[in-house]
Participant: 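Questions regarding the structure given below will be posed in turn.
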Amino acid sequence: MAEATLAAQSKPEEISTRPSLLHNIFLRNLSAKIAALPMVLTVLVVFVGCSAWSVIYSFTNSGSLPSGKFVGFAQYERLFKTARFVGSAENLALYGVLSLVFTMVVGFLLAVLMDQKIRFENTFRTVLLYPFALSFIVTGLVWQWIMNPNYGIQKVAFDLGFTNFRFDLLTNSDTVIYGLVIAGLWQGTGFVMVLMLAGLRSIDEEIWKAARIDGIPAWRTYLQIVIPMMRGVVITTLVIVGSGIVRLYDLVVALTQGGPGFASDVPAKYVYDYMFARGNLGQGLAASTMMLVTVLIILIPWAYIEFGPKKNK
Amino acid sequence: MESSVSIRDLSLDFGSVKVLQSLDLEVAKGEFIVLLGPSGCGKSTLLNCIAGLLDVSEGQIFIGGKNVTWAEPKDRGIGMVFQSYALYPQMTVERNLSFGLRVSGMPKAEIEQRVNRAAEILQIQPLLGRKPANLSGGQRQRVAIGRALVRDVDVFLFDEPLSNLDAKLRSDLRVEIKRLHHRLKNTMIYVTHDQIEALTLADRIAIMKNGTIQQLADPHTIYNRPVNLYVAGFIGSPSMNFLEGTLNPANQTFVADDGTVVPVGTYAFETPVSGSTKAVLGVRPEHILIGEDAKSKPFTQEVEIEIVEPMGSDTLAWTKIAGKAVTFRCDSDVVITSGQKILIGFDPARGSIFNAETTNRI
């Protein structure tokens, strides 16, 4: 009944709005459009506008102020000839691959463990999620102490008599990146676990029952039935973890300051240094544009898969 | 008769909550048993115990003569169909049917033969290449039945398989399950809260309440000779009319609380009654007759109709006997209106009398 009257009421309105397309665009659901306006402006001005500004000025020879003249791709040529930037990109790639693989795998395994109807699940979940509530600066500082040979774990082991024990990842330029990965994992795994756990919990229990009746071992059920069903959660997690990796900056600053030398430098730190410390805006913006391009390379295929034309999935 | 599923003294506790209490059930080979009861009565729990999805606290379960109390679900020789269908959404229908067999390492040719047979029985051959998301509810449930079928087992378990379907599909698929049972002659244990499904499908119905079986009998007996007040009230829609009063065996009458006298000389007592007893007389709406038909009945009374509910095939009327609201069913051609005075009558022989204290049939 209620639906019928609603339909009857809305019909004349539809007819009256049909002649004017403009009316449809601007006045229909007016209050909703007004409410959305600030966010629309934010997106247009801050996200799109500022990104465009950055890209445009990366083609200039601006110094401390954005006033230089157009120099084409000169900043990019310089960028890719700079060993520091290439090195930082390599660092980020190594960190990214290791961090992505391990947070996803470890996070998923932890979620599976959590899902076994264990006791004190809430406690474990809180403990594991807690690092995520800390800022990267705190995480960095804590791990800097833990991994410092003079007063961290190595010192403790040394005092206990294990004089050959070494835990000095941060002071060795070959291993410093693994130190970063460990601190990053400690911070991010809990969050991945919580997302994955939510995904696991959304799977109907009857699926599990059906799989047990079919005699499918638990690991195969996870691999071939449950994980494919969690596709949405997995992709969302990948995007969140991935974007966190690309903008990696504060952890590096707190943990190593990019050192020893430039052994743990990352693109975001390169950008910051050139823009604010060295007064070379053009170079910094060129580097940041490269980061933007990287993010787009990740995001566009994802958006296409998630929101694009639906195939028969 | 050869026993297919045998449940002996089965109990299940979750902490201090007793979900199933020393329950016994013998299911003959090829029998269609329906477990019927309201939600929370333990019927699905019992089915999950039979399937091996829940560990029992006490008692034993035998399937096909083998003690399977602690066996894995896949080794019990059962197939199960779920309310939510529980199809694997990323796999095609064909993969859904064959996945369990593939995992068990069955030869390809045999898998193919079984899948084709199941698809043919359920008429889902054209759907084999599709994914569950592209199927209607009825088609999905067929595939789910197919997944039980390819396992080539003796016992089928159904956990409210039709509850997610709309009314039309439900009655279609109900007939189809019945047809399937006639064709395959497997043992089937079927859980539902829908009494129409229970009455239409079952060879025997087990009415459950609070983890115990109240009555286990064929649908006709359950409907016409319920063992206690609970079963009487649960089965039948609209439900049975109840009059409270006293049973006097001496002069073979039932005297309702307001003094209305119902002669019960025709009633076949289950147990001999000595002395007057507090009792409840139950009469089904369709056993109350009107007009000429009513005159010859042991109990007649003129009543005023309160409300009339035309149901299409018949008409339901509400009135009062002995101060209690009573419904009766009459032919839809009979014209009755609210406010009308009408003679109604019934024969207690077709009713049920229960002891008011024990609630058991007498």
Side-chain angles (χ1 to χ4, degrees), chain A residues 1 3-4 104 108 111-112 115-122 195-196 198-238 301-302 304-313, chain B residues 14 44 47-54 71-92 95-106 129-135 140 143-148 150-151 153 155-161 163-164:
Chain A
M1 271 291 278
E3 277 172 56
M104 294 300 282
F108 181 75
V112 169
D115 202 27
Q116 306 302 310
K117 297 197 171 83
I118 52 168
R119 264 138 75 88
F120 310 119
E121 185 201 312
N122 282 333
L195 287 179
M196 293 288 191
L200 286 177
R201 290 280 154 84
S202 72
I203 306 275
D204 190 338
E205 210 174 323
E206 291 194 336
I207 291 277
W208 279 102
K209 289 182 178 177
R212 275 189 72 191
I213 302 257
D214 265 350
I216 299 161
W219 66 270
R220 277 194 88 155
T221 312
Y222 274 116
L223 274 185
Q224 289 183 278
I225 299 167
V226 172
I227 293 181
M229 285 178 80
M230 283 168 56
R231 194 174 132 271
V233 173
V234 171
I235 290 176
T236 307
T237 314
L238 274 176
W302 167 73
Y304 187 76
I305 292 168
E306 280 299 281
F307 309 115
K310 288 269 176 248
K311 285 171 291 175
N312 285 344
K313 277 274 170 188
Chain B
F14 289 138
S44 279
L47 198 73
N48 280 322
C49 286
I50 298 172
L53 297 169
L54 282 175
E72 274 295 303
K74 69 177 161 74
D75 302 324
R76 294 189 176 207
I78 50 146
M80 191 159 173
V81 179
F82 298 91
Q83 178 178 355
S84 67
Y85 325 125
L87 298 177
Y88 312 134
Q90 308 294 331
M91 299 184 191
T92 61
R95 284 281 288 181
N96 261 286
L97 296 180
S98 63
F99 191 52
L101 305 180
R102 280 169 208 257
V103 169
S104 72
M106 184 181 280
R130 293 212 215 154
K131 292 221 171 130
N134 299 328
L135 302 178
R140 284 182 212 186
V143 176
I145 294 172
R147 196 169 52 184
V150 293
R151 291 175 53 72
V153 290
V155 181
F156 277 29
L157 308 176
F158 293 89
D159 193 355
E160 308 222 13
S163 299
N164 277 12

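As a basis for the values below, the full set of heavy atoms in this structure was taken, side chains included, without hydrogen atoms, waters or symmetry mates. Keep in mind that this is a model prediction, so the values were computed, not measured. Residue numbers start from 1 in every chain, and the chains themselves are labelled A, B, ... in the order their sequence lines are given, proteins ahead of strands.
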Participant: Which pair of heavy atoms, one from A/Q224 and one from B/R95, lies closest together, and at what distance?
Facilitator: NE2-NH2, 4.0 Å

Participant: How close do B/K74 and A/D214 get, heavy atom to heavy atom, and via which atoms?
Facilitator: CB-C, 4.4 Å

Participant: Could you look at B/N48 and say if it's the side chain, the backbone, both or neither that has a heavy atom under 4.5 Å from chain A?
Facilitator: side chain

Participant: If you round to the nearest 0.5 Å, how far is NZ of A/K209 from CG of B/L157?
Facilitator: 11.5 Å

Participant: Checking side-chain contact (heavy atoms from CB on, under 4.5 Å) between A/I213 and each of B/M80, B/E72, B/R76, which is the one that passes?
Facilitator: B/M80

Participant: Mind listing the closest non-hydrogen atom pair of B/F99 and A/R220 along with its distance?
Facilitator: CE1-NH2, 4.3 Å

Participant: Chain B heavy atoms under 4.5 Å from A/E205: which part of the residue, side chain, backbone, both or neither?
Facilitator: neither

Participant: For A/R212 versus B/L53, what's the shortest heavy-atom pair and its separation?
Facilitator: NH1-O, 3.7 Å

Participant: If you compare all heavy atoms of A/D204 against all heavy atoms of B/S84, which two are closest, and at what distance to 0.1 Å?
Facilitator: OD2-OG, 2.9 Å

Participant: Look only at the side chain of B/Q90 and the backbone of A/P228, and say whether a donor-acceptor pair between them is shorter than 3.5 Å.
Facilitator: yes

Participant: If every non-hydrogen atom of B/V103 is compared with every non-hydrogen atom of A/G215, which pair is closest and at what distance?
Facilitator: CG1-O, 3.9 Å

